[in-house]
Asker: 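Provided herewith is a single structure, encoded as structure tokens, for subsequent inquiry.
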Protein chains: 4
Amino acid sequence: MPPPAALTKFLSARSDDSHAKRERRKEARPGELLAAALDLFVEKGFAATRSEEVAARAGVSKGTLFLYFPSKEELFKAVVRENISGRFQEWNDEFESFEGDSAEMLRYCLKVWWDRLGAGKASGITKLVISEARNFPDIAAFYQQEVIGPGKDLIRRMLQRGIDRGEFHVADLDYAIYSLIAPMIFLIMMKHSLGACAPQGFQLEPERYIAAQIETLLHGFCKRPGDDRAVGAPA
Amino acid sequence: MPPPAALTKFLSARSDDSHAKRERRKEARPGELLAAALDLFVEKGFAATRSEEVAARAGVSKGTLFLYFPSKEELFKAVVRENISGRFQEWNDEFESFEGDSAEMLRYCLKVWWDRLGAGKASGITKLVISEARNFPDIAAFYQQEVIGPGKDLIRRMLQRGIDRGEFHVADLDYAIYSLIAPMIFLIMMKHSLGACAPQGFQLEPERYIAAQIETLLHGFCKRPGDDRAVGAPA
Amino acid sequence: MPPPAALTKFLSARSDDSHAKRERRKEARPGELLAAALDLFVEKGFAATRSEEVAARAGVSKGTLFLYFPSKEELFKAVVRENISGRFQEWNDEFESFEGDSAEMLRYCLKVWWDRLGAGKASGITKLVISEARNFPDIAAFYQQEVIGPGKDLIRRMLQRGIDRGEFHVADLDYAIYSLIAPMIFLIMMKHSLGACAPQGFQLEPERYIAAQIETLLHGFCKRPGDDRAVGAPA
Amino acid sequence: MPPPAALTKFLSARSDDSHAKRERRKEARPGELLAAALDLFVEKGFAATRSEEVAARAGVSKGTLFLYFPSKEELFKAVVRENISGRFQEWNDEFESFEGDSAEMLRYCLKVWWDRLGAGKASGITKLVISEARNFPDIAAFYQQEVIGPGKDLIRRMLQRGIDRGEFHVADLDYAIYSLIAPMIFLIMMKHSLGACAPQGFQLEPERYIAAQIETLLHGFCKRPGDDRAVGAPA
DNA sequence: TATGAATGAGCCTTCATTCAT
DNA sequence: GATGAATGAAGGCTCATTCAT
């Protein structure tokens, strides 16, 4: 009956749904706060997000926020933890079962990444972590291990598959993975920073951007003997 | 009777480097403030850098800072002009006078970019702008115009040169430039955020990173008929 | 085991004036702040009144002031509304229901104006606005609309009433209203500036001043045929 | 040869004009500063006038201002002293030699007052003194004695003349003078405060204002038997 | 549990005044 | 005398956090 602390309730959430509305709301509090915080952190960053606004958006009072999270920084960490969990698994699975050639696989994976992660709010978390990592070393380390590590592993396996099938040529595998990571991170950063300010035509068109990057990555800029690809505008 | 002060002053006027300390300091002030501001902006970001600390690091009082720069934002713009904007000219010049083939040019330019901008503190400014653009639209606009615009122009001209000389093949020129921009921005972001936290071998080795990106960009991952490049580890 | 807090709270809810101090203070805050602000604004003017001092005089901290009033200027406007604007209604009502002749009405209204507004601290606000209007155009505009407009309307209606009843003669109604306004404003200015410094007999006696102005305004300086008013000193 | 202090030079100004341009400028410094200060004090009041701006308008450096006037407050006092001296004499003389009837005299005097004092910058000093008297009791006292006293005397003599000639009827002479003073002060205050903000039709037209006040003061609002003045709009 | 009034350290910016030259 | 760089005490306002209820 008496749970030792608020966080216990948060961690054990969603056990059963037998309580009345009010009770259920109580159970949902941390989640609502986390959702509100996610929105605002993505929108404004850590420093510029006001605690009061998070509480307001979650429909509770300022004091309640501090009841569940002892400080703004802890709230931040909780948001990161909540939002960057095991989405790699499904991505991994999809990779494992892919049957086409490796170029097609790369095209497919980037598209899926954009549709499921990049285009959504989750990418704002990545932008936020990269932006504020220096002021939150804990989170940086956590993110490094939880997201960057698995991500790099997956990408490395994709390139390795191409090499193994005799489709890809990669000189320095460990660093070649950044040829895929960098364009994705760049797209995310733009979407959530300069791109959010730039008025009209300065905004990147994600699909076109991804298509262009893929083609460069696959074939490179250099023409070679017998190369008769046409030069032209985007599709 | 003491000799009249006016006469003394007249006789000693401007002979050598008299009115020493004060005058010399005065001339140096803006530079000292700019240097201090660069350090702190890079270290803590724009919002988290306090005017007073900039002044203190430059060895002057709070008020003195505002004697030279009317606001924190103008100080920041001055830092940008001092450390980035002004360098495009020389970079442009180098591009114009380059005589080798276009692949070599790309290799050379990326190396020069790293040595002169990326490796130094100036790159921290780029990281900062991308991180905080959304909260400081004026700064974002300024940077867009002052740095990103010229940068994109230069890169577009480099690719265009390759196309014109029949060396490069580029399907979508406007977006192909991001194939060069993204790896640079990514390197900068890592250096100043997660990379600054990662302890040991997690840090990117910039030269190796750049070499790997260039090779991918030039030749792509895909093998093509007659492609007999060796597969191997980094140099 | 302690009795559940929730039950205790429920049983003792809202019975008497429990949750005493804090609640009662909360309700009183705006009033206390307004009173403190009125004092200080009248005493020192707008620019010279420090927010912190207002808060201190109201017995709260700096931050609390801004909890109730978003800026010093809004605080000032609230003071105006509290002390002046709102009173025109009752003054208007009194005018509407007055039944005597118009000369009597003027005498009555000026007396009432002095007793209710002029003699009190509120008149210091008028002095302040006139003194600082030029440096605070927002305040000037606000006051113009909120106080001067209604004031002029009321006075115009008073003169119009006299004309309509065949009691008054007014050549230029729009400017005749200043014949009433000017003496009131002058009295206020004196009371809160030079008069506040003048030591003894230099201070204006308000009642006598008002009586003298009224008589001049009603009858003028000029004798006319059949005028047998006595010439003499004040009562 | 060595004058003890800067103020000596100021006080003894204009002895001979045998010096070169530069010298003469030096002699003129205090006057230029005073003129600049007058402009700015009238325009912005005491608190809002920045020392540096006064110096700049006088064409000297900030330091020089403090060479002649030990503080902003002393500068303020000097401005008041400089600008409110014996203009009463000529006004007095004109009164003494006036030959028309007393109503005409009042009309004439108010017109002259406006043309020579009210319309010019000098009236800004009066506004300023009344506005800031409370913060500068010295100046208030000085002004009381130097300006208000003589002014009241002159006006009292004007009314007395009307009484003596059987043209005026005045019940309370000591306070009747305010019937003339109040409209003038009010006009000045409006001109330099609210009137300076009000956009178009809210501005007082001085001549019309003065004409209207005079008529009220001479004849009053009340009709009396045999009074057949027309009621109407302004001329 | 939940509230929201209250706090107070902190931040950017201003400006009268000083003083080395 | 003249300069103007430098100072530092304020001042308006913000906001994370506390705590009585």
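Quick note on labels: first sequence line is chain A, next is B, and so on, each numbered from 1.
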Asker: Between atom CZ in F66(D) and atom P in dA6(F), what is the gap in whole Å?
Answerer: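 Spelled out: CZ on F66(D) to P on dA6(F) is 18 Å.
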
Asker: I'd like to know if the side chain of K72(A) reaches the main chain of F66(A), judged simply by a donor and an acceptor atom lying under 3.5 Å from each other, with no hydrogens or angles considered.
Answerer: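 Side chain of K72(A) to backbone of F66(A), a donor-acceptor pair under 3.5 Å: no, none is there.
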
Asker: Rounded to the nearest angstrom, tell me the gap between atom CG in L33(D) and atom P in dG1(F).
Answerer: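 Atom-to-atom, L33(D) to dG1(F), this comes out as 12 Å.
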
Asker: Measuring to OP1 and OP2 of dA6(F), would you say a side-chain N or O of Y68(B) lies under 4.0 angstrom away?
Answerer: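 Looking at the OP1 and OP2 atoms of dA6(F), one of them is under 4.0 Å from a side-chain N or O of Y68(B).
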
Asker: Rounded off to whole Å, could you give me the CZ-to-P distance for the R50(A) and dT14(F) pair?
Answerer: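 One finds 9 Å between P of dT14(F) and CZ of R50(A), rounded.
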
Asker: How many whole angstroms separate atom NZ of K72(B) from atom P of dG10(E)?
Answerer: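 That distance rounds to 15 Å.
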
Asker: Closer to the 5' end of DNA chain E via nearest nucleotide, is it F46(B) or L65(C)?
Answerer: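 Whichever sits nearer the 5' end wins; that is L65(C).
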
Asker: Whole-Å distance between dG10(E) P and E53(B) CD?
Answerer: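 The distance from CD of E53(B) to P of dG10(E) comes to 13 Å, rounded to the nearest Å.
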
Asker: Under 4.0 Å between a Lys/Arg side-chain N and an Asp/Glu carboxylate O for E53(D) and K44(D)?
Answerer: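 Salt bridge flag = yes for K44(D) with E53(D).
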
Asker: Any donor-acceptor pair under 3.5 Å between the side chain of K62(C) and the base of dG11(F)?
Answerer: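 Looking at the base of dG11(F), it does not pair with any donor or acceptor on the side chain of K62(C) (distance under 3.5 Å).
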
Asker: Can you work out whether G63(C) or T49(D) has the more 5'-proximal nearest nucleotide on DNA chain E?
Answerer: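 Taking each residue's closest nucleotide, the earlier one in sequence belongs to G63(C).
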
Asker: Taking the inter-plane angle between the rings of F46(B) and F41(B) on a 0 to 90° scale, is it parallel (under 30°), tilted (30 to 60°) or perpendicular (over 60°)?
Answerer: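 If you compare the ring of F46(B) with that of F41(B), the planes turn out parallel.
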
Asker: Give the nucleotide from the list dA6(E), dA6(F), dT17(F) with an atom nearest to the side chain of S51(A).
Answerer: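 Of dA6(E), dA6(F), dT17(F), dT17(F) is nearest to the side chain of S51(A).
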
Asker: Test your reading of the model: is there a side-chain donor-acceptor pair from T49(B) to the backbone of G45(B), 3.5 Å cut-off?
Answerer: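 Yes.
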
Asker: Give a yes/no answer on whether the side chain of S61(C) brings an N or O atom under 4.0 Å of OP1 or OP2 in dT7(E).
Answerer: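 Yes, S61(C) has a side-chain N/O under 4.0 Å of OP1/OP2 on dT7(E).
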
Asker: Please determine whether a side-chain nitrogen or oxygen atom of T64(A) lies at a distance below 4.0 Å from atom OP1 or OP2 of dT3(E).
Answerer: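 It does, given that an N or O in the side chain of T64(A) lies less than 4.0 Å from OP1 or OP2 of dT3(E).
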
Asker: Measure from CZ on F69(A) to P on dA2(E) and round the result to the nearest Å.
Answerer: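 Taking CZ of F69(A) and P of dA2(E), I get 12 Å after rounding.
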
Asker: Rounded to the nearest Å, what distance is computed from the CD atom of residue E74(B) to the P atom of nucleotide dT14(E)?
Answerer: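 In whole Å, dT14(E) P and E74(B) CD are 12 Å from each other.
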
Asker: To the nearest Å, how far apart are L40(A) CG and dA16(F) P?
Answerer: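 Rounded to the whole Å, the gap is 11 Å.
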
Asker: Sort out the partner of dA20(F) for me: Watson-Crick or G-U wobble, both distances under 3.5 Å, none otherwise.
Answerer: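 Here dA20(F) is engaged in a pair, and the nucleotide opposite it is dT3(E).
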
Asker: Is it true that, when you exclude E73(B) itself, more than 12 heavy atoms of the residues, nucleotides or ligands shown sit nearer than 6.0 Å to its CD?
Answerer: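 Yes - once you tally the heavy atoms of other residues, nucleotides and ligands closer than 6.0 Å, there are more than 12.
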
